Amino acid sequence: MAPRRPSPIDSASLSDAGTRTLPTRFEAAPAEARWYRAWLERGLFHASVDDPRPRFSMVIPPPNVTGSLHLGHALNNTLQDLLARHKRLQGMNVLWMPGTDHAGISTQVVVERELAKQGKTRHDLGREAFVDQVWEWKARYGARIVQQLQALGCSCDWQRERFTMDPGLSRAVREVFVRLYHEGLIYRAEYLVSWCPRCSTVLSDLESPFRPVAGKLYAIRYPLVDGEGALVVETTRPETLLGDTAVAVHPEDPRWSRFVGRRVRLPLLGREIPVVADPFVDREFGSGAVKVTPAHDPADFEVGRRLGLPALNILEPDGRLNANAGPYAGLDVMEARRRVVADLEAEGLLAGVKDHPHEVPHCDRCDTLVQPLLSEQWFMRMEPLARPAIEAVRSGRVVFHPKSWENTYFHWMENIRDWAISRQLWWGHRIPAWRCASCGEWTVTVEDPERCAHCASGAIVQESDVLDTWFSSALWPFSTLGWPDDTPELRLFYPTSVLSTAFDIIFFWVARMIMMGLHFMGDVPFREVYIHALVRDEKGRKFSKSKGIGIDPMDVMAVYGTDAVRWTLTSLAAQGRDIRFGEHVLEGGRAFVTKLWNAARFALLNLGDFDPQAPAGSGGLYDRWIRTRLDVALAEAHAALDAYRFSDAAGALYAFVWGELCDWYIELAKPALQGSDNAARRATQRTLLEVLAGALVALHPVMPFVTEEIFQALPGRDGRLLMEGHYPAAAPALAAEEAAEMEALLAIVSRVRQVRGELGLPPSQRVRLGFPAAAAELVRRHEVGIRTLTGAGELHFEAGEAPATAAVTLAAGFAVRIELDDPRFLSEELRRLEKVLQNLEKDLEGVGKKLENPKFLERAREDVVAAEREKHARLAAERAATAERLARLRGLEGAAR
RNA sequence: GGGCGCGUAGCUCAGCGGGAGAGCACCUCGCUUACACCGAGGGGGUCCCAGGUUCGAAUCCUGGCGCGCCCACCA
């Protein structure tokens, strides 16, 4: 449990059971600090393994220690926090496991940049000192992202915070590496890898995205050795010809078949290389002949393997050409390209140059042009791991939301390639493999070995490479819970309930966690995967720090308040769509926070003499009605959350608080609250308090701070925090005739307001309303409410036909007469009625056609036909009534002229 | 070259087989002792186009057009 130190909050406000008033404005910043600390001090974020309640667990996608919060994090972690708080309020034992990722390349690059400012490189320090330096950097700045998550309100179990290079997690990494190695799933091989010359490391496919470049296509003549003529090949990288070991044509290409098996002379270097045939050649492209450079092109590498061609490496790891490049040795790739092209031209071997915009891989971290390079690397064999992982999703053991992402997953997994897991970096998990200097074999063990496992020689040297960052991330769901030990945490919280993340790391991370979880835990790491939308800017561009576009969530949290930011992100988080986010959308969120605040202020101003202990009845119709509306909103919101429709959940709560509680209930409650009937006032006070508290609980997962701040001002809270509460039980449903009565009341008020609005009547102008005697009972029951909400002066009731002047039909099924001396009324009303009649005619015609259509009657479902009949009857009655009223008004208008 | 998604009110988007919706913006009226970050009211849409299926299509199918994204060895 959390250390329970008494806090100022404990003594100051929490024990105060009395009602307080709220200041005019909600001050977000102090409230955020105050309540986050209070929750922490009460240990409310902590999940105990001894808690018998049903459990709910998530692991946070660990942000980079170098990182700072961006909107994508803000969205993802808001949604996770929303789920965590929601599940707690439902009475579950919730673990939200937090932590950070060491982020190999990113972090190393950051520290190297620091060094560069002092004119140093990591090599000046040496490995050990450099790694120490990175740890130091991490100690100094690594907490920033965590502080930002806390500022966002994330209710992670910080006592369990992990870092991917913690001793425990490092042990898990070693354990996994060693086991996979001995299972034959990790191996070492020579392979053509994507190499970043700047970072001096291999990159995975995923780390080397394609970016467009304005390249050129060079056509080069390769003269035949035994005769006249030449083969023309085209390339975008002419310098690679220095490493060519063949020219390839399509085996069924009649233009070139007679050349297969002959030899051509490599331009500039003069080596003789064979002409080979392979179906990979595209006959349509260029001349139909292609140079083959197995050591520097992925496609050529494959062909080279197939045909047994030598792979001639011409590149050093620093991106300069080596001795194999002959006179070009020592040049970097771009210099070499210029020189090669110039020399080709001089020798008359350049057959043409044309512009050729295309896409080539760049380093994800530093944007340097990636070079394919032949080297020895460690690989993980993926196919055997992928098979059960595909099955796990196919069988529904893991479900993606939205489900369409499963296709993306399947497509990648079914075409999966072995994973190059080694990186030539210093910051990361050093590969636990030692090479023997005397026998050359590898010793792979969890504990550092003393001698070679094969020949017992003591001359062993540890592999200098570290593992790809994603290697440790893949273990995150179980390594954070204590694996490889069999811990209570692991037993209770694994598999986790849900993982929430972005689609762009489905391959990097989600797929690999599923594979590793299945392999080492024998079970999936999570039951559900929620893939959230991508946050873009207003123009639909991806937020990008490097391009300088983006909104810093910390900035807008300071301006609009964290609750407003959380609310806005949640309400935009619709499924299957990107979020376009401009700062102005936050105004809506802030307005809603303010609205809630003001509703609470109103409640507190009117709760002055309220005694929470006093017994109270069930209240009046308005009270019972608003309770049921709260229940409906809660049910809708929770159903939406269960389906990960976050925006719908937010929408349901918004509609309730603003559209029902504030717009209707509070207005209807005012007379009772301010009246002299003590019993009625107490009942209304109680309802107001209960419904407000209900709204606070309902909204707490999205807007934890303002709801807690308000809650702490309410009477009767007994020193408790809102966060440790639970959702209210449902109130009894309204009887059908009560529901109808409320509907009628709302319709009357709306209709009168409409007339007032259309005529532009100021509130100071009273109107007189008339009702038929049949409605008298209902209207009289709600006379005060109607009068308050419509500004009507007096109500009266008449038996029989109302005077023709101003009667209007209501949805409630009876006429209400608005009596006005205003001459505009007649013409406005005429105009309106004409439009109403027109719409009615149109609707009626549509329904009528349907009902006259024998095929409709024959083939449509019975209930549909019945509904249409009913609709037709209703429309017809309305049309008749409207037409009649219109006729009468026209008569009056005529008379008035 | 494959695959996925999206085109609905000025903007951002819901709706995905039975009478076109929300928020914002806009217009009118209103500082009514919770709230002008507000209240009341209003206007505004060949639901991208063309075919088809159906009694009935914004909603399903096919084909266009436009815009995104992902995957891929056209050098």
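Within every chain, numbering begins at 1; the chains are lettered A, B, ... in the order of the sequence lines, protein sequences first and strands thereafter. Here the structure is a predicted model, which is why all the values come from computation and not from measurement.
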Between [M] and [N] - [atom1] atom distance, rounded Å:
N	M	atom1	answer
B:C61	B:C16	P	15 Å
B:A58	B:A9	P	15 Å
B:A25	B:C13	C1'	14 Å
B:A50	B:U12	C1'	29 Å
B:C24	B:G43	C1'	16 Å
B:G2	B:G44	C1'	43 Å
B:G7	B:U46	C1'	16 Å
B:C11	B:G19	P	27 Å

Next on the checklist: Could you tell me if the side chain of A:Leu309 sits less than 4.5 Å from the side chain of A:Thr245, heavy atoms only?
Outcome noted: yes
Checklist entry - Are the side chains of A:Leu596 and A:Thr707 in touch, meaning some heavy atoms are under 4.5 Å apart? => result yes
Checklist entry - Base, backbone or nothing for each nucleotide of nucleotides 21-33 of chain B, written B, S, -, heavy atoms under 4.0 angstrom, 5' to 3'? => result --------SS---
In whole angstrom, give the distance that lies between atom [atom1] of [X] and atom [atom2] of [N].
X	N	atom1	atom2	result
A:Leu789	B:A40	CG	P	9 Å
A:Glu858	B:U54	CD	P	14 Å
A:Glu302	B:C73	CD	P	9 Å
A:Leu851	B:G56	CG	C1'	12 Å
A:Asp648	B:C13	CG	P	15 Å
A:His411	B:G2	NE2	C1'	8 Å
A:Asn598	B:A34	CG	P	10 Å
A:Phe646	B:C13	CZ	C1'	18 Å

Checklist entry - Under 3.5 Å, is there a donor-acceptor pair between the A:Asp244 and A:Tyr222 side chains? => result yes
Next on the checklist: Within the 3.5 Å criterion, strictly below it, is a donor on A:Lys670 or A:Thr788 matched to an acceptor on the partner's side chain?
Outcome noted: no
Phosphate OP1/OP2 of [N]: any [X] side-chain N/O under 4.0 Å:
X	N	answer
A:Gln754	B:A40	no
A:Arg645	B:G15	no
A:Lys291	B:A75	no

Checklist entry - Using the benzene-type ring in the case of Trp, are the ring centres of A:Tyr191 and A:Phe301 under 6.0 Å apart? => result yes
Scan [X] against the nucleic acid and name what it touches under 4.0 Å (heavy atoms): base, sugar-phosphate only, or nothing.
X	value
A:Asn407	nothing
A:Arg590	base
A:Asp663	sugar-phosphate
A:Leu875	base
A:Leu857	nothing

Applying a 3.5 Å limit to both distances, which nucleotide forms a Watson-Crick or G-U wobble pair with [N]?
N	value
B:G2	B:C70
B:A34	none
B:G18	B:C55

Does a side-chain N-to-carboxylate-O contact under 4.0 Å join [X] and [Y]?
X	Y	answer
A:Glu858	A:Lys855	no
A:Lys354	A:Glu234	yes
A:Arg590	A:Asp563	no

Next on the checklist: Is there, by distance only and without an angle test, a donor paired with an acceptor across the side chain of A:Glu667 and the base of B:A34 below 3.5 Å?
Outcome noted: yes
Next on the checklist: Which residues pass the side-chain hydrogen bond (donor to acceptor under 3.5 Å, both in side chains) test with A:Lys850, not counting sequence neighbours?
Outcome noted: none
